[in-house]
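Structure first, commentary second.
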Amino acid sequence: MNFLLSFWRSTVGTKVVVAVTGLFLFAFTLFHMIGNLQVFTGPGDMDAYGAFLHKPEVLWGGRALVSTSILLHIVGTVKLVKTTAAARPQGYRKWTAQASTFYSRTMKFTGPLVLVYFVVHLLNLTTGAEPGHIALHPNYLQTDGVPKAFENLTALLGNPLWAAFYIVANLALGFHLWHGAYSMCKTLGLSGHRQLRLARIIASLLTATVVGGNIAITTACVLHLV
Amino acid sequence: MRLTLHIWRQKGRSDKGGFETHQVDNVSEHMSFLEMLDVLNEGLESQGKEPVAFEHDCREGICGSCGFVINGRAHGPMTRTTVCQLHMRSFKDGDDLTLEPWRAKAFPILRDLIVDRSAFDRIVQAGGFVSTNTGSAPEANSVPVRRDCADKSMDAAACIGCGACVAMCPNASASLFTAAKLAHLNLLPQGEPERLIRSEKMVLQMDIEGFGHCTNHGDCEVVCPKGISVTTIAQMNRNYVQATLLSSPREGDSTE
Ligand code: FES
């Protein structure tokens, strides 16, 4: 256990933890988006999918994995951000970015935005099914603890204000994923120039897929196309 | 040409410091940046004022002593160039330049543009060496080195430890420096026996010194006068993970 502790204490070790959990969470957003594409094939598929996700083992296994990852991802990042804030107590009067990008420098801001998105998203479409029925939703419907996934989603995103929120939130998610995906390849030790160029392409494609898919779903709902 | 310089002046570690503005006239485009500062200092001295302190030694771009931030970029506008090798032809008449020392907690300012970079020395002391038995020099070529390893190791060994990577990094991270020193030795057969313990110790020392962490911005690589690649950082991470998580009790630790 000692070696795990000293691994975690080092900046490189913490970075690796943030990268691995980030990789998992990226995969989660990707599969989440793919699952939701079933909104285009109709209420039958979507609701069956929702019911499958509500099988206790899938539900609690998934929740445990996702919440552990998010927790480690955040705790690690906060630790690193603190170290780094202390590393340059006095900033430059003039500093010109050479290679860093808007995306790479705003990770610590897009991160909290994604967290807000995540929490609101839970209040929108998940907590309504729990005892107590706290839901940030126009009209949350469920039968025997299994939410009516299709109706809940289309009702929520049919509201233009909520649709706008989801689109903005997805752009923040996209900025975060784009630098995150590329950055974690380097953190996890990918070092060849050709490999890294490939990693950048794959990161861009996957990010575009996640964000594009989510925005397509939102747009379809707000325009009442589904 | 005539230049306006806004220079950071600080009397010592504990002084608060601040910017001072000076004009320099008759700057020739053939002067190096440091020669231009020499001219400024002569003028200051003749007026009985304190000259601007800056570090320099070889003035050939090989010792790594010189370096400060010119208009927001470490070592100024030329790629792969230290300030001592930067010439005034890179600027034009009437330019307004801001000169600041490297800013990092691990690099305390000693005076004006001079910072204390001994944190780098301590990182190297932590593991940047190869333990060998003393005696007569070994036969040349007795240890074959793969060509690509030799090339990469030499590329990393070009690091002169000037500190520009730390200065430019938005996180004030010393990852590029540490990774270069590691790659230099880790890639060679002579460095292989201590590769893991070296990686572990140097990363640890880098943290102890209070540098930030790497978020893969890549600003360091651009301003490095020796063109050290950020890919060395990924190698460092890989070796560190292997050292701390994947290797069982390290028998071969000859440094213990
Ligand atoms: S003075 Fe030696 S590198 Fe500039």
Side-chain angles (χ1 to χ4, degrees), chain A residues 2-20 76-77 79-101 103-108 179-196 199-200, chain B residues 6 8 17 19 69-74 79 97-98 100 103-107 109 166-175 183 199-200 203-204 206-207 209-223 229-245 247:
Chain A
N2 238 340
F3 72 98
L4 277 183
L5 206 65
S6 53
F7 179 75
W8 169 257
R9 284 214 186 102
S10 79
T11 51
V12 174
T14 319
K15 266 156 48 80
V16 169
V17 172
V18 173
V20 171
T77 306
K79 174 179 170 267
L80 290 173
V81 167
K82 270 194 186 159
T83 320
T84 285
R88 179 169 291 139
Q90 183 170 16
Y92 291 102
R93 180 197 267 189
K94 233 178 172 170
W95 181 89
T96 326
Q98 303 299 327
S100 56
T101 56
Y103 317 100
S104 71
R105 286 193 308 272
T106 50
M107 289 299 274
K108 51 181 179 279
H179 177 74
Y182 178 59
S183 183
M184 74 192 154
C185 294
K186 288 186 179 173
T187 300
L188 296 176
L190 207 66
S191 66
H193 283 290
R194 211 172 322 122
Q195 294 167 318
L196 282 172
R200 174 129 262 178
Chain B
H6 307 282
W8 182 261
F19 283 95
V69 175
I70 304 173
N71 275 359
R73 180 171 160 137
T79 38
L97 305 178
T98 303
E100 292 179 76
R103 293 198 188 276
K105 190 180 87 185
F107 285 170
I109 297 172
V166 173
M168 209 58 216
C169 174
N171 308 322
S173 167
S175 293
S199 305
E200 192 177 344
V203 166
L204 185 69
M206 171 178 91
D207 288 349
E209 297 295 343
F211 291 105
H213 72 295
C214 170
T215 49
N216 303 305
H217 286 300
D219 287 321
C220 54
E221 180 183 58
V222 179
V223 296
S229 164
V230 286
T231 56
T232 53
I233 298 177
Q235 292 165 20
M236 167 174 83
N237 295 345
R238 213 158 55 207
N239 281 318
Y240 181 79
V241 170
Q242 200 187 343
T244 47
L245 295 187
S247 73

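All chains are named by letter (A, B, ...) in the order of the sequence lines, taking the proteins before the strands, and each is independently numbered beginning at 1. Every heavy atom of this structure was used, including side-chain atoms; hydrogens, water molecules and symmetry mates were not. Predicted model, so just to flag it, every value in this text is computed and none were measured.
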B/Trp8 and B/Phe19 aromatic ring geometry - parallel, tilted or perpendicular at 30°/60° bounds: perpendicular
Which portion of B/Asp219 sits near chain A, non-hydrogen atoms under 4.5 angstrom: both
Toward chain B, the part of A/Thr14 with a non-hydrogen atom under 4.5 Å: neither
A/Lys15, part contacting chain B, at a heavy-atom distance under 4.5 Å: side chain
Region of B/Cys214 in contact with chain A, defined by heavy-atom distances below 4.5 Å: both
Part of B/Met168 lying under 4.5 Å from any heavy atom of chain A: both
Residue selection (most heavy-atom pairs with chain B, distance under 4.5 Å) from A/Ala85, A/Gly192, A/Ala86, A/Ala19: A/Ala86
Minimum heavy-atom distance between A/Arg105 and A/Ala97, given as atom pair plus value: NH1-CB, 3.3 Å
Heavy-atom contact with chain A under 4.5 Å, split by part of B/Phe211: backbone
Qualifying residues under salt bridge (Lys or Arg N to Asp or Glu O under 4.0 Å), relative to B/Glu209, sequence neighbours excluded: B/Arg122
Segment of B/Ser229 engaging chain A (4.5 angstrom heavy-atom cut-off): side chain
Listed partners of A/Val18 passing side-chain contact (heavy atoms from CB on, under 4.5 Å), at least two apart: A/His73, A/Thr77, A/Leu80
B/Ala167, part contacting chain A, at a heavy-atom distance under 4.5 Å: both
For the student: nearest non-hydrogen atoms of B/Cys220 and B/Val230, plus distance: SG-CG1, 3.7 Å
Donor on one side chain, acceptor on other, A/Thr11 and B/Asp207, under 3.5 Å: yes
Heavy-atom closest contact (A/Leu190 atom, B/Ala234 atom, distance): O-CB, 3.3 Å
Per-residue contact mode, B/Leu245 against chain A (heavy atom under 4.5 angstrom): both
